[in-house]
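Report on the structure given below.
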Protein chains: 2
Amino acid sequence: MNIGEIARRAGVSRSTVSYALSGKRPVSEDTRRKIQQVVDELGYRPSASARALANGRTSTIGLVFPPAGNHYTGMQLDFIGSVVEAAAAYDYDVLLSPSGVDSDRSFQRLLGERRVDGAILMEIRLEDDRVDHLAALDFPSVAIGRTAHQEGSWWVGLDHTALAAACVHHLADLGHRRVAFVNRPEQLLRAGYESAHRGLDGFTKAAAERGLTVRTYCCGDDAASGQACVERILHDDPATTALVTLNEAALGGLYRGLAVAGRHVPRDFSVTGVVASRWAETVTPQLTAADVPAEEMGRRAVELLMERLDQPDGPPRHHLLVPPISLRASTGPAGTGTAP
Amino acid sequence: MNIGEIARRAGVSRSTVSYALSGKRPVSEDTRRKIQQVVDELGYRPSASARALANGRTSTIGLVFPPAGNHYTGMQLDFIGSVVEAAAAYDYDVLLSPSGVDSDRSFQRLLGERRVDGAILMEIRLEDDRVDHLAALDFPSVAIGRTAHQEGSWWVGLDHTALAAACVHHLADLGHRRVAFVNRPEQLLRAGYESAHRGLDGFTKAAAERGLTVRTYCCGDDAASGQACVERILHDDPATTALVTLNEAALGGLYRGLAVAGRHVPRDFSVTGVVASRWAETVTPQLTAADVPAEEMGRRAVELLMERLDQPDGPPRHHLLVPPISLRASTGPAGTGTAP
DNA sequence: GACCGTTGTCGAACCGGTTCGCGTGAAGTG
DNA sequence: CACTTCACGCGAACCGGTTCGACAACGGTC
């Protein structure tokens, strides 16, 4: 079941078998056929480990994402799916690594033990030791998201600042004056998660620009937290008429909280934010939102990584995406009065 | 950066370094310290490929799931997450393989090229060539789900038959007489997906037992399909007062369809089914459902696989889970009349 | 017929670990 | 002091591929 066995049965040397299969040197048609026949008969496939050892490439990329802790969001799922699929198109496998930081055992395995040719990082923080570490090593990697020091590195990101701002402008245009912001969980914000920070920034600045009265909240990644968050919002300022959220997983809870409080969406209260479309469409009324193009981002990340692997000395490339807001049904003109 | 370099710097032979690190033979305290020091200085970690080649184990397991096609469901996400996490606890990495069938390139890579020590299969079909193939090869694997021929194999499954039946009994006890069943997409049913078939069976038999009038539907894995499905249900039999679903991704759409039709849940219409709790809790009212213990299933699958890897000749083991129905808020007594 | 370039194949070295058998020097024993 | 015992460490072989340099056989040229 190894190359030597094939060589023996085909009556040639191991190197000839190797060349016949790889095509890196010409082999006569006769022997090639003979070899191919033996290979087919035995169902031989070269060992990935041996090949990886010999030519230094594993044909595997690592997908690094933070440990679940409690649970993953839908967006992460979409990334994972699209990365796996895109990688398969290049004949690459994907190795999952649940690493939050640089010093993770899992992260060390990926890099130190050279299990992968390159890596794609998810859930980037503004100051991200993983990114720094990889950059210092000049290890081929692409981030889905960007750190505070983005120059000279490879990434595909979403312009959360612009997207959150767009949401604010959309609401302001509709006449809303008191708007809340529902962010990712506080621990993620404190940890410096890119989306949480830039989204918050974009929201705050745009709101200031438009002279809105705002409050910002952090919210756990689950329905119960979303519901609780809405309660807090309406308690803190009952005159609030709209909210912007980055928190996909809390969305159902936000809606529930509003329903419980007797606020009809979009008549009494508008909701918008930055959410993948498949999740925006599961709630009723469907969420008007900047759709996170998770599939495209995953695919592009893989493309960039492949490019980087092909020519390690090429200039860094990146994509900054700014998807438009999809108008669905969760926002409307601000009502005339305050709370019902 | 390889073991020879370490040996040179520590002034010992390569084998000594190997033994010092693995502890498979005694090494004097002095040299061990010296070696460790060099290793720490250089940050040396042995190459995974070389090690895999030498000792025949990759410390990687494959997670085989069908290609996304369009998109993944939340349950799959939960499985992936829990498998990765459980595997990490055993110092195993997880390689993702989007394979529907046996003959997939990706599947062949996993097995033929010996990239993994074992595999966990998701989305099992009643007749599953992947399972048969692995069984024929005696390749260590554990299925999340079970085929029609489950004896003598390793799996962790959910008793969809019993769960769907429990849902029916729950509804029947509440007085519902006309109940619809919302299954996974038709193509999956036709392909022989286990959950779709057994769930349908359990539903049908229990309904017959209770003398209910039923209709069964297939429904795409997205909100729009769910909404359309409810329209069809109410069109086909407006007197329907309840539904049971296995289709997590359509849930939001089902609710929307009911809202659009003016049916209030649970006053006019009851909804229940088999759904992971985190999704059951995002809809309003929260879904009364048999909670799919995805986290536990993933973890147990890994545990079984580890066991099987440890003692390849042990007797096959499995777990059949039958989680209880969690009473939430989406079911209630059948109304007195028919449609509003 | 000596010379040359092609074409096809082979043997050997290498990738970076692990593992087996052996040798050596120190300690223990009679 | 000669003899075993034991703890340590070494060298070599091996895992299963890839790749390089060499070489044999061949047809074509002058």
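The chains referred to below are lettered A, B, ... by the order of the sequence lines, with proteins before strands, and numbering in each begins at 1.
In this structure, the CG atom of B:D30 is 15 Å from the P atom of C:dA26, given to the nearest Å. For the pair B:R32 CZ and D:dA7 P, the computed distance is 15 Å after rounding to whole Å.
B:S13 has a side-chain polar atom (N or O) that falls below the 4.0 Å cut-off from OP1 or OP2 of D:dC10. At least one side-chain nitrogen or oxygen of A:T31 sits closer than 4.0 Å to the OP1 or OP2 atom of C:dT9.
Proximity of B:K34 to B:V38: side-chain heavy atoms (C-beta onward) are separated by under 4.5 Å at one or more points. For the pair A:I3/A:P46, no side-chain contact is recorded, criterion being any heavy-atom separation below 4.5 Å from C-beta on. A:E303 places a side-chain heavy atom less than 4.5 Å from the side chain of A:R300.
Ring orientation note: the planes of A:H318 and A:W155 are close to parallel, at an angle under 30° on the 30°/60° scale.
Salt bridge A:E5/A:R8: present, at least one basic N to carboxylate O contact under 4.0 Å.
Here B:Q311 pairs with nothing under the side chain to side chain contact (heavy atoms under 4.5 Å, CB included) rule; sequence neighbours left out.
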In B/S/- notation, 5' to 3', how is nucleotides 15-25 of chain C contacted by protein heavy atoms closer than 4.0 Å?
BBBBBBB----
